[in-house]
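All heavy atoms count here, side chains included; hydrogens, waters and symmetry mates do not. None of the values given here were measured: they were computed from a predicted structure. If you read the sequence from its start, that first residue is 1, and numbering goes on from there.
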Amino acid sequence: MLTYVAADINCPTCFNQVIETITATPGVHTVDPHVVDGCIAITHDLDESVLLTTITTIGHTLDIAPNGEITMGQAHATIHVCDAHSSEH
């Protein structure tokens with residue numbers, strides 16, 4: 001099954017960790033990430049909820065607090081064809 005996931009991860013390290021984890025997950029065959037769009041095309045034999053849980057557990061957003069400090073927020077992910085993959089769909 002081919003699933004497109006849009007994630008709001010703006011932390012490059014977190015995005016890379018998500019890609020590495022998904023790639024190593026049994027049942028995942030291919031992973032095609034587009035970091036600029038936060039979009040990941042995944043070919044797999046899994047329930048899509050497994051992919052979403054993996055992404056939101058590992059991925060984070062970087063936010064700037066009112067006092068200027070950088071904080072980490074929880075990432076969100078949805079099943080969605082994003083611009084990076086729309087021509088492939």
Just so I know, are the side chains of D32 and I40 near enough to count as touching, which here means a heavy-atom distance under 4.5 Å?
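No - every pair of side-chain heavy atoms lies 4.5 Å or more apart.
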Is C11 close to Q17 at the side-chain level, that is, under 4.5 Å between some pair of heavy atoms?
no
Does D37 reach the main-chain N or O of C39 with its side chain, forming a donor-acceptor pair under 3.5 Å?
no
Please identify each residue that fulfils side-chain hydrogen bond (donor to acceptor under 3.5 Å, both in side chains) with [X], with sequence neighbours left out.
X: T30; result: T43
X: N16; result: none
X: T54; result: none
X: H44; result: T3

For T71, all residues meeting side chain to side chain contact (heavy atoms under 4.5 Å, CB included), sequence neighbours excluded:
D63, A65
The side chain to side chain contact (heavy atoms under 4.5 Å, CB included) partners of A77 (sequence neighbours excluded) come to V5, A7, L52, I55, T56
Would you mind telling me which of V50, L51, T21, D45 makes a side chain to side chain contact (heavy atoms under 4.5 Å, CB included) with V28?
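So, applying the side chain to side chain contact (heavy atoms under 4.5 Å, CB included) to V28 and each of V50, L51, T21, D45, only L51 qualifies.
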What distance do T53 atom OG1 and E48 atom CD have between them, rounded to the nearest 0.5 Å?
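These two atoms lie 11.5 Å from each other.
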Nearest 0.5 Å please: distance from the CD1 atom of I42 over to the CE atom of M1.
11.5 Å
Within one Ile-Leu-Val-Met-Phe-Trp-Tyr cluster: I19 and L62, side-chain cutoff 4.5 Å:
no
Considering non-hydrogen atoms only, spot the tightest contact between [X] and [Y] and give its length.
X: F15; Y: P33; value: CE2-CB, 3.8 Å
X: M72; Y: C14; value: CE-SG, 4.1 Å
X: A75; Y: G59; value: CB-O, 3.2 Å

